[in-house]
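This report concerns only the one structure given below.
All chains are named by letter (A, B, ...) in the order of the sequence lines, taking the proteins before the strands, and each is independently numbered beginning at 1.
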Amino acid sequence: MKILPQEHALLIEQAIRVAQAAGDLPPFDIPPVRVKPADNAELGDYASPIAMQLAGLARRSPLQVAESIVQHMPAAPFVGSVEIAKPGFINFRLNPDWLKHQTEAILAEGDALFTMDIGRGKRAQVEFVSANPTGPLHIGRTRGAVLGDSIARLLEAVGYEVEREYYFNNAGRQMEMLGRTLRARYLQALGHSEPLPEEGYAGEYLKDIAEALVAEVGDTWQHEDWPVFKEHAEQVIFGWIRNSLLRLGVRHDVFFNENSLYETGAVWKTLEALRRSGYAYDAPVWEGADEEERRKAQAAGAGDAVWFRSSELGDEKDRVMVKASGEPTYTLPDIAYHANKFDRGFDLMVNVLGADHGTQYKTVQRGLQALGYDPSRLHVIIHQMVRIYRGGELIKGSTRAGDVIPLDDVMDEVGTDSVRYFLLARSANTDVDFDLDLAVAQNNENPVYYIQNAHVRCAGIFRMAAQRDIDDAGADLSLLGEPEMAFLRQVLRMGEVLTYAVEELAPHQVAFFAGETARLFHPMYDSVRVFHSEVPEDVARARLRFYRAARLVFRRLLALMGMSAPEVM
RNA sequence: GUCCCUAUAGCUCAGUGGAUAGAGCGUUGCCCUCCGGAGGCAGAGGCCCAGGUUCGAGUCCUGGUAGGGACGCCA
């Protein structure tokens, strides 16, 4: 399918060149030509303000420039008419005949509708979720899952070969706490009065794992230490996370274990590289520390840590990479991990993170810079928080406190399609208030049903067509009317919406477009009937052909959002 | 204190430097025998404040104000 703003822009560029060659316009470098869908249908379908932009360069009035451009505009099958409007706009109207026949073009593309080759031959990587296996997946992480997977689907739609990656850490202090907590829960389940470790995980889910463990191994583990329990907890919890993601329609191609960076020595190689470039040094406190910080560190008896001189790259202070104990903080392996990503040679890298990791990624970017990589090649999408409401009440919680609602419970309650839609339909930059009551509502307050119902209605038409044995192949599409054309105009905008959504890595654009398209569909469906006593058979066949294309459009949109396209509801 | 995000209709949100700023819910009035009423039509109603850049600013810049988040030798 054509991406119409681009097609129109090409025509304008050619027209300007021809006008310049003919001496109608003075020579100048042509700036990028912007063409947008016109906001007022009475003015046209697509519009460009290029003449206003060029007025200065051409040293003529915008209207004169527009006239010169329009005079030299080459013909194109999709252009019906070109007009000039007051301040200097060039307005295009689509050729109605061409528009009606786009029905066949849509059907010819099938489920690959609006697949593009922008990313042909290029490899993209999307890293998302990346939750450590310390508890069930909660709603905040789920937003990252939905965003990351939707971005991956979009990249695939424009032709990239996409790898989905999950980075995790199953070592370190947090995992030790997990093991120790499970051990305590296990002993409690056996009837011992074992206290939970300080800063342990209070969540109920570890009780569940402990009880299942008792049922499985009895009391044979009571003399085991925490590593055995950590191993078990990790296995069970990772199983939960994978299952939750699977239910949500999210799969990862690569699970990257932080530990492998130690096994290959990458972590220490990274540190050496940073030392060589002068970005690492040993000291008890960072170089820019004030008196108070120094006193505190001395009082605490701090030994030499290895610091990352990030303040030289715009940070407010330097960061510890290796603690005095010799153990690295997350900073060092994270930098090593991203260096590894860069070395794998992706053309495009996307990292989806929650707002609570906003500071962390900056340190990683500075680390990459210090190593000589170009950090702008890594696109970081930081999404804001998700708040869950039930009955108008905010539900709060953290994994540690354990009073969080696991994703599985939310999916049980509202269904996976609703979870995906509500987490997708907002720009990543804004908070999401997830209203469980609304998401579960089976009425038109719930946009999920509104969009899916458009597909259901199309499917209904074809059930009826099968009964009546009507065939739409070869239908005369010139019999389509204005309402159908309005719908086709909207559908043809899909190319530019997808292009823009990919450029901005903003998949919520797709959700909005789907909603808009459904809003255009339902009134039309009401008036444009296929099976009606007053509709002649040839018109009925043309409309049937049209609804076949409409069904495909909704199926494609829902697929891009990772949602199902139901036949009945 | 520093950094990040946000501020658009009564509410929840779109809006890519261009024309008269869009949708859903709510609200007011109305319509609909027929492909599933989980419907449709119409109306009222809005860019936080002050500067700046631009032929043109909801959009870009600076400074405020208000709300959310992050600022560990935790990950």
Presence of A/Asn429 side-chain N/O under 4.0 Å of B/rU6 phosphate oxygens OP1/OP2:
yes
From [options], nucleotide with atom closest to [X] side chain:
X        : options                : result
A/Tyr500 : B/rC35, B/rC13, B/rU16 : B/rU16
A/His508 : B/rG15, B/rA19, B/rG18 : B/rG15
A/Asp433 : B/rG39, B/rC13, B/rA38 : B/rC13
A/Ala324 : B/rG36, B/rC73, B/rU12 : B/rC73
A/Lys323 : B/rU16, B/rC35, B/rC74 : B/rC74
A/Met385 : B/rC35, B/rA75, B/rG69 : B/rG69
A/Pro523 : B/rC35, B/rG15, B/rC41 : B/rC41
A/Asp356 : B/rC13, B/rC35, B/rA70 : B/rA70
A/Thr359 : B/rG1, B/rA70, B/rC35  : B/rA70
A/Arg426 : B/rA75, B/rC13, B/rA23 : B/rC13

Over all strands shown, is [X] touching base, sugar-phosphate only, or nothing at heavy-atom distances under 4.0 angstrom?
X        : answer
A/Gln509 : sugar-phosphate
A/Pro37  : nothing
A/His522 : sugar-phosphate
A/Val528 : base
A/Gly358 : nothing
A/Ala465 : nothing
A/Pro87  : nothing
A/Leu43  : base
A/Ala55  : nothing
A/Asn91  : base
A/Lys36  : sugar-phosphate
A/Asn169 : sugar-phosphate
A/Gly354 : nothing
A/Ser427 : sugar-phosphate

Of A/Tyr525 and A/Pro328, the one whose closest nucleotide on RNA chain B sits nearer the 5' end is A/Tyr525
Contacts of A/Asp526 and A/Thr430 projected onto RNA chain B by closest heavy atom; the upstream (5') one is A/Thr430
*asked:* Under the criterion of centre distance below 5.5 Å and interplanar angle below 30°, is A/Tyr450 classified as stacked on the base of B/rG24?
replied: no
Compare the aromatic ring of A/Tyr330 with the six-membered base ring of B/rC74 and state whether they stack according to the 5.5 Å and 30° rule. no
Sequence neighbours excluded, the answer for side-chain contact (heavy atoms from CB on, under 4.5 Å) partners of A/Glu534 is A/His532
Residues passing the side-chain contact (heavy atoms from CB on, under 4.5 Å) test with A/Gln64, sequence neighbours excluded, are A/Arg60, A/Ser61
Determine the interatomic distance between [atom1] on [N] and the same-named atom on [M]; round to the nearest Å.
N      : M      : atom1 : answer
B/rC5  : B/rA42 : C1'   : 39 Å
B/rG43 : B/rA38 : C1'   : 25 Å
B/rU20 : B/rG24 : P     : 23 Å
B/rU65 : B/rC73 : P     : 31 Å
B/rU62 : B/rU53 : P     : 15 Å
B/rU27 : B/rG69 : P     : 32 Å

Calculate the interatomic distance between [X] atom [atom1] and [N] atom [atom2]; express it in whole Å.
X        : N      : atom1 : atom2 : value
A/Arg548 : B/rC35 : CZ    : C1'   : 14 Å
A/Phe434 : B/rC13 : CZ    : P     : 14 Å
A/Ile335 : B/rA75 : CD1   : C1'   : 15 Å
A/Arg294 : B/rC73 : CZ    : C1'   : 16 Å

Partner of A/Phe168 under ring-ring contact (aromatic ring centres under 6.0 Å, His included), picked from A/Phe256, A/Tyr337, A/Phe238, A/Tyr330, is A/Phe238
Result for salt bridge (charged side-chain N to carboxylate O under 4.0 Å, His left out) between A/Asp433 and one of A/Arg390, A/Arg387, A/Arg426 points to A/Arg387
Hey, can you tell me if A/Phe554 and A/Phe487 have their rings parallel, tilted or perpendicular (30° and 60° cut-offs)? tilted
* With a 6.0 Å cut-off on ring centres, are A/Phe255 and A/Tyr167 close enough? -> no
Next on the checklist: Ring centres under 6.0 Å, that's the criterion: do A/Tyr547 and A/Phe462 meet it?
Outcome noted: no
Paired runs of 3 or more consecutive Watson-Crick or G-U pairs involving RNA chain B, with both pairing distances under 3.5 Å, are B:1-7 with B:65-71, B:10-13 with B:22-25, B:27-31 with B:39-43, B:48-52 with B:60-64
Would you sort out whether A/Arg541 and A/Asp471 count as a salt bridge (charged side-chain N to carboxylate O under 4.0 Å, His left out), showing the intermediate values? CA-CA 7 Å; A/Arg541 290 180 61 224; A/Asp471 182 16; 5.6 Å; no
Next on the checklist: salt bridge (charged side-chain N to carboxylate O under 4.0 Å, His left out) for A/Glu176 and A/Lys230? Distances and angles first, verdict last.
Outcome noted: CA-CA 7 Å; A/Glu176 179 180 333; A/Lys230 180 227 122 185; over 6 Å; no
| query | Do A/His522 and A/Asn453 have side-chain atoms, one donor and one acceptor, less than 3.5 Å apart? | reply | no
Please walk me through it: do A/Glu199 and A/Arg173 pass salt bridge (charged side-chain N to carboxylate O under 4.0 Å, His left out)?
-> CA-CA 11 Å; A/Glu199 292 181 64; A/Arg173 210 177 106 79; 3.2 Å; yes
